[in-house]
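For reference, the structure is listed below as structure tokens.
All ligand and atom numbering here is 1-based and tracks the order in the structure.
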Amino acid sequence: MSVMRIGIAGLGTVGSAVFEILADHPQFKIIAVSARDQEKDRGLNLEGVRWVNDPVQLALSPDVDVVIELMGGDGNPALSLIREALQRRKPVITANKALLAYHGFDLACLAEDNQVPLMYEAAVAGGIPIIKIIREGLAANGISAVYGIMNGTCNYILTEMGRTGENFETVLTNAQKLGYAESDPSLDIDGGDTGHKLSILSGLAFGCVPDFKSLFVEGIRSISIEDIRLADELGYHIKLIGQARKNASGAILQFVSPSLLPKSSPIANTHGVLNGILIEGSYVGPSFVAGRGAGGFATASAVVADLIDLQHGKNILPFGMPARLLSSTQKASLEDWDGAFYIRLVVKDRPGVIAEISPILRDSNISIESFIQRGRSMDQPVSMIMMTHETKGHNILKAITQIKELDCIMDDPLVMPVLKI
Ligand SMILES: NC(=O)c1ccc[n+]([C@@H]2O[C@H](COP(=O)([O-])OP(=O)(O)OC[C@H]3O[C@@H](n4cnc5c(N)ncnc54)[C@H](OP(=O)(O)O)[C@@H]3O)[C@@H](O)[C@H]2O)c1
């Protein structure tokens, strides 16, 4: 087998781990690398490896057979590097979910036009081979839903809040100290990262164009320790869930939302930094996979798996079907979510509050399965928790709009879907 000559752009958490793993795979030779700071000590032996300041040079170098993009970011230089490489018919491997969520369609078209592989197993759920599972392993199935935990940082925060009883801010600060959350955590905790991954999985599962803008995205900032405790009392765990499913009229709807899951569900039992994703296939039924969704070596494992596939001559269309046949998606809103809901209202603790809220729920066709109100201190804010029976998201939004206007409501209501799986 001839030696494959590799160019790596990005020598951070993932790039350095790929560099180390490839030391055990002599069939791959790293020819050139690029990162921002050539002086940084990365603990890697870069002797005999060419350094290029401009990562795009890797695509232009005649001695580089394969380009591995591990810089991140949803624009240049990652985008121009991948474009240049594909145009020169050089296979590309990337872990860059943000880039694929915005440019996945264009890049897949470019790869197909040039008949060259564009591989991205590491872009979703790190070390879990979820791309391969959906695109190849479940290829015989029609997929009706894909959902689960796709962001280890959020899962760690929610798990730690439940375990320690500490509030969101405290747990986030600890997660940052431990390296489980970025110094700017917004892409993780506001749901963007889950959304990027979900739009890629939707593309594979439903044959639709990855389109981040069509997602409904809600993060975990508003989850309080009280929500975690009360959900627990009701038999649920709260997780940040990315979910894509087909509705009755065949439209693909994609949601990222903190959600309640029964404690018995495998997703609810996926704790800490782990990811867990469930796929419902027409023949196979529900299939669940869990594992390390991030971390240098777990993610690098998926990058090197792509490299090995490449060496075996594998060239599968990036989305498992011609990109130009991918369909468009419909913009999702909570209005489109049919099911049970968790509602937290912060109300003034005074007589008559329930009498004010009840007619609104009744007139919106919402019936309540469970109800909890804690605390007793006249005219002080207390939380009122309601779990609804199955209803239409439209009914919930209608009721919440009216409830918000009541004089007894002291804060924005929190609404979360309840997944019955
Ligand atoms: N970390 C994970 O667990 C994980 C999991 C799944 C997917 N991913 C994806 O993998 C990719 C890499 O993530 P990471 O965690 O390894 O990131 P990282 O630690 O921040 O490393 C990024 C690397 O890219 C280099 N870089 C950034 N901008 C550059 C530019 N303009 N020109 C040249 N080099 C540039 C940096 O150079 P310097 O070192 O000189 O600053 C660094 O070496 C991202 O797309 C990420 O979303 C990461």
N/O donor to acceptor pairs below 3.5 angstrom from side-chain atoms of residues 411-421, sequence neighbours left out:
none

For the pair Leu100 and Asn96, evaluate side chain to side chain contact (heavy atoms under 4.5 Å, CB included) and give the outcome as yes or no after the intermediate values.
CA-CA 6 Å; Leu100 292 170; Asn96 193 335; 5.6 Å; no

Show your reasoning for whether side chain to side chain contact (heavy atoms under 4.5 Å, CB included) applies to Ile31 and Asp65.
CA-CA 9 Å; Ile31 294 287; Asp65 300 320; over 6 Å; no

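- How far CD1 of Ile220 is from NZ of Lys239: 10.5 Å, rounded to the nearest 0.5 Å.
- For the residue pair Asp227 / Ser224, a side-chain donor-acceptor distance below 3.5 Å is found, with atom types taken as modelled.
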When you pair each N or O of ligand 1 with protein N or O atoms, which pairs come out under 3.5 Å?
{"from": "ligand 1", "atom 1": "3 (O)", "to": "Gly295", "atom 2": "N", "distance (Å)": "2.7"}
{"from": "ligand 1", "atom 1": "16 (O)", "to": "Thr13", "atom 2": "N", "distance (Å)": "3.2"}
{"from": "ligand 1", "atom 1": "16 (O)", "to": "Val14", "atom 2": "N", "distance (Å)": "2.8"}
{"from": "ligand 1", "atom 1": "19 (O)", "to": "Thr13", "atom 2": "N", "distance (Å)": "2.9"}
{"from": "ligand 1", "atom 1": "19 (O)", "to": "Thr13", "atom 2": "OG1", "distance (Å)": "3.2"}
{"from": "ligand 1", "atom 1": "34 (N)", "to": "Arg36", "atom 2": "N", "distance (Å)": "3.4"}
{"from": "ligand 1", "atom 1": "37 (O)", "to": "Arg36", "atom 2": "N", "distance (Å)": "3.1"}
{"from": "ligand 1", "atom 1": "39 (O)", "to": "Lys40", "atom 2": "NZ", "distance (Å)": "2.9"}
{"from": "ligand 1", "atom 1": "39 (O)", "to": "Arg42", "atom 2": "NH1", "distance (Å)": "2.7"}
{"from": "ligand 1", "atom 1": "39 (O)", "to": "Arg42", "atom 2": "NH2", "distance (Å)": "3.4"}
{"from": "ligand 1", "atom 1": "40 (O)", "to": "Arg36", "atom 2": "N", "distance (Å)": "3.0"}
{"from": "ligand 1", "atom 1": "40 (O)", "to": "Asp37", "atom 2": "N", "distance (Å)": "2.8"}
{"from": "ligand 1", "atom 1": "40 (O)", "to": "Arg42", "atom 2": "NH2", "distance (Å)": "2.9"}
{"from": "ligand 1", "atom 1": "41 (O)", "to": "Arg36", "atom 2": "NE", "distance (Å)": "3.3"}
{"from": "ligand 1", "atom 1": "41 (O)", "to": "Arg36", "atom 2": "NH2", "distance (Å)": "3.2"}
{"from": "ligand 1", "atom 1": "41 (O)", "to": "Lys40", "atom 2": "NZ", "distance (Å)": "3.2"}
{"from": "ligand 1", "atom 1": "43 (O)", "to": "Leu11", "atom 2": "N", "distance (Å)": "2.8"}
{"from": "ligand 1", "atom 1": "43 (O)", "to": "Gly12", "atom 2": "N", "distance (Å)": "3.0"}
{"from": "ligand 1", "atom 1": "47 (O)", "to": "Lys97", "atom 2": "NZ", "distance (Å)": "3.2"}

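- With 3.5 Å as the limit, one finds a donor-acceptor pair spanning the side chains of Asp193 and Asn151.
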